[in-house]
Every structure is written in structure tokens, then in C-alpha cells.
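To keep things clear, I will list the structure first and then write my remarks on it.
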Amino acid sequence: MIEVLRIAGAALWAHKFRALLTTLGIAIGIFTVGVVMAIIEGLNASFAEQISSMGSDVLYVDKRGWFQGRDAWVLSRQRRNIGLDAGEYILQRAQYVSHVSPRIYQGGRLKYKENSLERVAVLGAAADMAVIAGVELVDGRFLSKLDSQRKKAVVVIGAAIDENLFGGEDPLGKRLSINGRKFLVIGILEKQGQMMGRNLDNMIYIPAETLLKMFGRRWRNITIAVKASSPDLINEARDEVEGIMRRYRQIRPGQPNDFAINQQSALQELYDNATRMLWMVAIGIGSIALIVGGVGVMNIMLVTVTERTVEIGIRKSLGARRRTILWQFLVESMAVSALGVVVGFVMASGVAVFVQRYTTLAARVPPTWIALGIGVVVVVGLIFGLWPATKAARLDPIEALRYE
Amino acid sequence: MATPGQNGLINFQGITKVYDMGKEQVHALRGVDLTIQANEYISIMGPSGSGKSTLMNIIGCLDTPTRGRYEFEGELVSDVTDEQTFKMDDDQLAGIRNRKIGFVFQTFNLLARTTALRNVELPLVYAGVSRRDRLVRAQAALEMVGLEDRSTHRPSELSGGQRQRVAIARALVTHPSIILADEPTGNLDSTTGREIMSLFDDLQEQGNTIILVTHEPHVAEHAHRIIHILDGQIDRDEQVVKGKADFQ
Ligand SMILES: Nc1ncnc2c1ncn2[C@@H]1O[C@H](COP(=O)(O)OP(=O)(O)O)[C@@H](O)[C@H]1O
Ligand SMILES: [Mg+2]
């Protein structure tokens, strides 16, 4: 077997350039599938985790849906805004809802002494957001009902703010400025890390009321995050919240909703669909490239067998059996395919490294890739090498020796 | 295994070879009866196209007869009559070629991109000999033909005579029952041809059985028995008087 590999290696080496060209098809196939796998792997590592962290038991009541066509989006922009009181309205009436908090997003510039941070996520929320978002504190406390009622200028900071703005000082009790307004630090969040390319620790929570008062125009639209009392009751909670919101918005029976209830599962579905599409495209391109590559391998093996007819005759005259010759050429065609896999692998890894460096996507070529690669070598090499190898094995020794 | 004494190393009975060329049939061999004993030194002579190579190929199990009975060391290789057909299959023939027969060709037939040592080693690869033993035996075979210092050379780096020595070493390496050489000096100049022939003489003296095809009488007379082939049949089968060839 080692001998067979040695012979195949020597034969390939004798026609390096030709072998490389031949395997380009396979390389492209492997490359395509490899890149897509690397990207999906990257998406899985960040996106999937992120949406699961949104909680499968949380509903987001918004005037627009997350996924809708362009027309619907334009229409929904004209809808009435949802106000802060909607949250309280829902909580009081709903039976299947345990926690409710507004959620307002805004970018902000933070300053503390000489240090400043640009583009920090400023989230307006309420006390219940701690449970809804599942945040943990390392020090201090989260926002309270009183903070919201009094529209206090207090802030709970993410771990990255602690690190980058305060540089070793204990932030608790210090005052930092958000877009020029002073806020008292009352709590520090546990480190959460990267998700979907965003540093989740580079964010702060302030009371939604304070945010609206200080930075927001009065008519500003908000989202209400609603947590079902149990994940099993998410559908009941959804129906219930829908009814309550219709009453709140005073929609007559028969009229359509002028709001949307968004849910993580919708995001999951979208994500699954997107990756499934990506997969199908990759598998399509990949398999076409592999077939083209395989035919290339077969062609080159037929040429090789013809070129080496005398060699085959010599080997047979010295006692090589049919299956010995068969294996020699099968191993060679598998080696040609393997070369393609290696080239494709190297190219795909290169792209993954590039993507990782220049985007925030944690792309990487997953280990399953290697199993796939080996599978491709065996299958493509065997299938497309079988005919040429059989041809070689069946050669008549005398005719082969006489071949010019 | 039958007794080699009576039946000999090689036993041909009515060996016939017909090449079917579609419209016409070429009768390369027309009923050859032949017995060859171990340690014989035989030349086969005859005009071009008389069937010498065909005979060698059948002896060497590279080809099979259309008709007739062939026993090698008492083992039936093929037996084709009107009533029945027995032929060893491809792999059985390959096994005999590998273990029992050493071929030397007019055109050397060495692997071009492969060193002398690797070329000589090749039959042992197919015999399943371990790598260490292979290298030891291949080196020893190269020594026997006086090429121990050329083991890493490729055929293109060797002269014609040296290439034929490598081919002979390759034929010897499995310690075959018989060495078959089809016009081994055909591509060599006369000096080199003489060197190769004296190598065959030595090998025969050491106990090897040798059959060689040639159309040069001075080459043929190295042997102890000359078989003349004419038109696919044995025309004459003569014993050479010992010593005569040495003075040619
Ligand atoms: N493969 C073949 N197909 C058809 N005819 C062949 C083949 N091999 C040999 N012959 C014919 O058989 C006859 C004997 O050939 P060969 O044994 O090679 O003669 P020699 O070696 O004595 O010159 C010739 O007429 C040759 O043309
Ligand atoms: Mg001939």
C-alpha cells in the first residue's frame, strides 16, 4: 500500500502542472462549499447564539414587523407610535405575561474625565429588562421602578464601558456624561462577549423615561419587550397581548392590527431559510464543480493510462496482478482529487481568515470540513478513476509492451 | 507437483497459436512439442516472423496458446483441445510470471523515471516481499551483474549494456525457475553483446535455466542446445558440441 502511494506520488510529481490544472474543478467545488461552511459556521457562532439569547419566551411589540416587504414597511412607518404606557397597560391586563419593559435604542457618546467612547449602544429600559434580557450584575444594582418614575439620570454600564472609560477606577457612584448629560453609575454588568459582530458589553441601560425626556422627541416610537410567564405559554401570551394591544389601540373588530408582535422564532426561521438557501447554492455550485472536476480527473487518468501503456505492460510482465494495477491507478486518481481538496481547502481557509480579519463575522472552516474533504476524495477519485483504472488493469501485457 | 525429471521444467504438447485478424488468420505456431529440463541453456533461432517471440511469450505465461497442452514444473498452465479448454486466469499467470520467470527484453523495458535499484526491486514488490528484504535482494542482484555502484542511477544515465544488466538483475532477483531473453543483444553493439552473453554463461553455470532468442549464430552458439524455428514449427533441435562456441 505504501508502495502504491509512492508510485502515485511520483506519477503526480512528474506532471505537477497538469495535475494541478486537472484538480482545479474539484478545488473550486471544495472551495465553494468550504467558504459557505465557514460563513455559516461564523453565523452560527454569533447570530444563532444572539437570537437564542433574545429568549424564546420574549415577544417584542412594535408598530412594525421585523420581516416584511418594502411596501408594508413604508405603510407601517405611518402608523401611530407605541407609547411608554402600553407596557403598563399590557402588564396589568395580561395573565400569561410576567415581565414587561420598554426598549428604546439610541447611539451615544460617553465621557468620563478625559476619556470618551463613541457609538455606545444606549438602551432605554425598565426594571423588568434585567429578567427579560437575562443580565447579571457584578456590582451595584439594575434600574428600579423608582428610577423610571422619577426619570432619574442613572446608568447601568456594560463591562466594556467599565474597562475602557474608567480605566481601573471603580465606576460605582461616579458620574459619566451621555451626549453631554451627566448620569450616575449605579450598576456594572457582567461581561457578555461578542455576538453577531457586536460587542455586547459596549452598551448601557438608562430608564426609558429618562432617555425620552433627555434625548427623545415626545412622539418617538418605542418597542415593548414582553416576557411570557413560561416558555410553554408563549403562544397564549401572544394571543393575549394581541387582544390587549387591539383594545389599547382601539381597533374595531374586523380591522387589521396596526402593530406587530415580533418573536425570536421568526428570526430563527429567517435565519434558517437564509442559511438553507446558502447551503443549496453552495451544494449546487459545489456539485457541478465536482462533476466537472471529476470528468477532468477521468480525462487525465485516461491520458495517463495511455501514456503509460508500456509501463503497465512492464509491471504486468513482472507479475503485477489486475487488482494491483487497478489500485495503482485508483490511488493515483484519488491523489489527484486529494490535491484538489487540499487546494480548495487552502483557498477556503484563506477566505475565512480574510473574512475574520476584515469583518466581524467569526468565519472559520469547521472540522467537519475535513471529513467532507476525505469523503470527496474517495468518492470522486473512485467514481471517476474507475473506468481508466479498469482499462489499465485489463490491458493485455504483450500488446501493452508493444505499444508505441 | 509432478516429477520434473521425466516431464521436464517445461512441457509443450502440440502448442498452436493463431492470431485472428478478422478476415485472415495468422498461424504463429503450428503444433510445437518441446521439453526443457532445469539448468538447460537454449537458443531459439529462426527468421523474422517465424514465431520465436510467440513461443517465448507462451513459455513466459505472457500469452496463452490457442491449442495444446502446457505444463510448467508439472503444473498445468493451459490445456486446450476440441473437447475442453483449461487456462489459468490472469492472476494465476501473473503469479507464475512473478515467481518463476525472469524476462529480459530486447528493448530492456525498464521504468524510465525509476532508479536501477527500484527497477530491480519491482518484481519483489509484487511478490509481497518486505521493503527491507527487497532492498537487500535488489542490491545483491545488482552486484551479480556488476552494477552495485549504479543503483541510484536512472536508465537514462546508463549505457545500453548497463541497462540490459539492470534488466537481467531484475530477472534474477526473484530466483526464477527460468530466464527468458528475447533478443537480449539485439539493441547492443557487438562488444557489449559479448559482455552480456558472458554474463548469461556465468548465470547458467551458477545453475540458472536460460532460453534466449537470437538470429545471430555466434550468440546462439553460447547455448548448449539450439532450436531452429521455421514457419511456426520446430525445424531442427540440435545439441551444441561443448567448447565450440568459446572459440567463435
Ligand atoms: N499480436 C499479434 N497479432 C497478429 N499477428 C501477430 C501478433 N503477434 C505476432 N503476430 C504474427 O505472428 C507471427 C510470428 O510472430 P513472432 O512470434 O513475433 O515472430 P518472431 O519473433 O520470430 O519474429 C508473425 O507473422 C507475426 O506477424
Ligand atoms: Mg520476435
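Throughout, protein chains are lettered first and strands after them, A, B, ... in sequence-line order, and every chain is numbered starting at 1.
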Scan chain A against chain B and return every donor-acceptor pair whose distance is under 3.5 Å.
| residue | atom | partner | partner atom | Å |
| --- | --- | --- | --- | --- |
| A:Glu3 | OE1 | B:Arg134 | NH2 | 3.1 |
| A:Arg315 | NH1 | B:Tyr126 | OH | 2.8 |
| A:Lys316 | O | B:Arg97 | NE | 2.9 |
| A:Lys316 | O | B:Arg97 | NH2 | 3.1 |
| A:Leu318 | O | B:Asn98 | ND2 | 2.9 |
| A:Arg322 | N | B:Asp91 | OD1 | 3.3 |
| A:Arg322 | NE | B:Asp90 | OD2 | 2.8 |
| A:Arg322 | NH2 | B:Asp90 | OD2 | 2.7 |

Between side-chain atoms of residues 23-33 of chain A and protein atoms elsewhere (two or more places apart, or another chain), which donor-acceptor pairs fall under 3.5 Å?
| residue | atom | partner | partner atom | Å |
| --- | --- | --- | --- | --- |
| A:Thr23 | OG1 | A:Ala19 | O | 3.1 |
| A:Thr23 | OG1 | A:Leu20 | O | 2.8 |
| A:Thr32 | OG1 | A:Ile28 | O | 2.6 |

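Listed here is the closest heavy atom pair of B:Ala94 and A:Ala320: CB-O, 3.8 Å.
Contact count against chain A (heavy-atom pairs under 4.5 Å) is highest for B:Leu122 among B:Leu122, B:Leu93, B:Ile96, B:Ile101.
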